[in-house]
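Written below as structure tokens is the structure these notes are about.
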Amino acid sequence: MDVVKTAQKADQALGKYAFIRALRPFSFPVALVTCLIGILLAALQRPIDLVSAVLVLVGGVLLQAGVNLINDHADIRLLRQQPGQEGLINAIRYNFRCGMLCFLLAAVIGFHFVVEQGMGFLLLCVLGLVGALGYTLSPVNYKSRGLGVVLVFWLMGVLMIAGSALAMGAQLNTGLLLQTVPVSLLVSLLLLSNELRDYESDRQDGLHTLTVRIGYAASVRLYLILLASAYLTAVALLALGLLPGALWLLPSLLLVFKPVRLLRAAPDQRRPLTPATARLLLGFGGLFCVALLNPWGFWV
């Protein structure tokens with residue numbers, strides 16, 4: 001019991017830099033949903049191998065974990081300006097090393113698919129890895145340049161879904177790329193919700209996220225635009241015959257009300273915004289998988 005209490009006190013002292021908090025395991029279902037959609041898109045084109053599907057899911061979670069663990073590396077520069085922060089700096093460096101290990105393990109899985117799918121898949125892997133590292137590392141650090149919401153759409157959305165499909169042997173075409181868009185918009189929405197939640201503290205700490213740059217009110221409007229766009233693109237996919245079971249997405253609208261309401265909440269009451277947006281993403285993503293399969297011929 002004393003060991004547990006000691007560990008809890010240590011985590012409290014480290015705050016958001018404690019390993020489990022930095023790992024952000026609550027975000028892993030995002031990687032699982034995007035990878036699963038890619039696997040299903042491949043299954044619509046050809047028979048798939050179960051072992052390969054599991055490897056894709058594991059690789060996606062490793063990439064998500066790696067991005068999470070290196071996310072705070074840029075904070076070292078800020079902490080160095082404050083006395084007595086060596087413990088926090090060491091915690092960030094430890095998390096960073098663990099994040100790089102996750103990337104290494106994901107690269108091993110990626111190499112397996114490079115052998116199976118060819119050098120074109122290698123280019124995709126390199127692009128994804130460079131993008132993940134550039135999220136928070138200098139000199140790129142596009143998180144601090146206000147580009148996180150845009151690039152997450154491509155890296156953790158389109159690239160993750162399409163890359164998973166290609167790993168499973170799918171052929172890349174316009175239809176497949178279009179099918180990645182609705183969930184990718186919600187991936188960006190999840191990051192934007194995090195920026196909205198932390199707007200006041202980020203501005204105080206000098207972090208130049210997109211929300212800090214354009215202001216809270218403009219970011220709320222962007223949140224609503226991304227949210228509406230996810231559903232409108234699903235309707236467009238239905239019209240194009242690329243999402244035959246689009247009506248399956250309707251129940252996910254029940255998950256919209258809470259995050260939208262929280263957008264107008266006071267800063268100290270805004271903490272549930274990101275978990276509520278995550279539940280929306282997971283609900284929408286799960287129903288999107290059903291809509292792709294259209295198991296009972298559900299149509300409008």
Side-chain angles (χ1 to χ4, degrees), residues 25 27-68 102-133 135 151-191 230 233-234 237 242-243 245 249 278 281-294:
S27 68
F28 291 171
V30 176
L32 291 173
V33 165
T34 52
C35 290
L36 181 59
I37 291 173
I39 292 168
L40 291 178
L41 290 174
L44 294 175
Q45 294 188 16
R46 51 166 293 171
I48 61 172
D49 174 62
L50 180 59
V51 174
S52 295
V54 172
L55 286 176
V56 166
L57 293 172
V58 172
V61 171
L62 285 170
L63 285 174
Q64 180 78 62
V67 170
N68 292 346
C102 289
F103 286 139
L104 178 61
L105 294 174
V108 173
I109 294 175
F111 181 74
H112 164 75
F113 288 113
V114 169
V115 172
E116 288 198 346
Q117 307 302 336
M119 296 303 291
F121 190 76
L122 176 62
L123 178 61
L124 193 69
C125 292
V126 171
L127 180 63
L129 183 59
V130 170
L133 291 173
Y135 179 74
L151 292 180
V152 161
F153 168 85
W154 293 105
L155 294 172
M156 300 303 295
V158 174
L159 191 60
M160 185 77 86
I161 297 172
S164 299
L166 293 178
M168 300 298 297
Q171 295 296 314
L172 186 63
N173 53 49
T174 302
L176 189 149
L177 287 175
L178 290 175
Q179 287 167 317
T180 69
V181 173
V183 172
S184 298
L185 287 168
L186 292 186
V187 171
S188 286
L189 191 74
L190 181 60
L191 179 61
T233 52
L237 291 178
L242 296 173
L243 192 63
L249 295 175
L281 169 58
L282 295 179
F284 184 99
L287 292 170
F288 191 87
C289 292
V290 177
L292 284 173
L293 295 176
N294 192 24

#### Entry: Nearest-0.5 Å distance that lies between atom CD1 in Ile39 and atom CE in Met168
5.5 Å
### Task
Considering non-hydrogen atoms only, spot the tightest contact between Ala162 and Thr180 and give its length.
N-CG2, 4.2 Å
### Chi angles and distances behind the side-chain contact (heavy atoms from CB on, under 4.5 Å) call for Leu189, Leu281
CA-CA 9 Å; Leu189 191 74; Leu281 169 58; over 6 Å; no
### Message
Can you confirm whether more than 12 heavy atoms, excluding those of Gln171, are under 6.0 Å from its CD atom?
### Response
no
### Query
Which pair of non-hydrogen atoms, one from Leu249 and one from Phe288, has the smallest distance, and what is that distance?
CD2-N, 3.5 Å
#### Entry: Interatomic distance, Leu282 atom CG to Leu287 atom CG [nearest 0.5 angstrom]
11.0 Å
### Query
Looking only at heavy atoms, which two atoms of Pro182 and Ala234 are closest? And how far apart?
CG-N, 4.1 Å
### Task
Begin from the C-alpha positions of Ser164 and Thr34 and carry the test side-chain contact (heavy atoms from CB on, under 4.5 Å) through to its verdict.
CA-CA 8 Å; Ser164 299; Thr34 52; over 6 Å; no
### Message
What verdict does the side-chain contact (heavy atoms from CB on, under 4.5 Å) test give for Phe103 and Val67, after you've listed the backbone C-alpha separation in whole Å, the side-chain angles of each residue and the deciding distance to 0.1 Å?
### Response
CA-CA 8 Å; Phe103 286 139; Val67 170; 4.1 Å; yes
### Query
Is a donor on one side and an acceptor on the other found under 3.5 Å between the side chain of Gln64 and the backbone of Phe28?
no
### Task
Could you tell me the separation between the CG atom of Leu55 and the SG atom of Cys35, rounded to the nearest 0.5 Å?
11.5 Å
### Query
Listed by chain and number, what are the side chain to side chain contact (heavy atoms under 4.5 Å, CB included) partners of Leu32, not counting sequence neighbours?
Leu57, Val61
#### Entry: Separation between CD1 of Ile37 and CG of Leu176, rounded to the nearest 0.5 Å
11.0 Å
#### Entry: Between CD1 on residue Ile161 and CG on residue Leu36, distance to nearest 0.5 Å
10.0 Å
### Task
Go through the steps for Ser52 and Phe113 under the test side-chain contact (heavy atoms from CB on, under 4.5 Å), then give the verdict.
CA-CA 9 Å; Ser52 295; Phe113 288 113; 4.0 Å; yes
### Summary
Scanning both residues in full, the closest heavy-atom pair of Leu237 with Gln179 reads CD1-CA, 4.0 Å
### Message
I'd like to check the side-chain hydrogen bond (donor to acceptor under 3.5 Å, both in side chains) partners of Thr233; sequence neighbours left out, ordered by chain and number.
### Response
none
### Task
Looking only at non-hydrogen atoms, find the nearest pair between Gly285 and Val33 and report the distance.
CA-CG1, 3.7 Å
### Message
Any heavy-atom pair between the side chains of Trp154 and Leu159 that's under 4.5 Å?
### Response
no
### Message
Holding to side chain to side chain contact (heavy atoms under 4.5 Å, CB included), I want the full list of residues that pass it with Val58, two or more places apart in sequence or in another chain.
### Response
Val54, Leu62, Ile109
#### Entry: For the student: nearest non-hydrogen atoms of Met156 and Val187, plus distance
CB-CG1, 3.9 Å
### Summary
CG of Leu190 to CG of Leu185, rounded to nearest 0.5 Å, is 13.0 Å
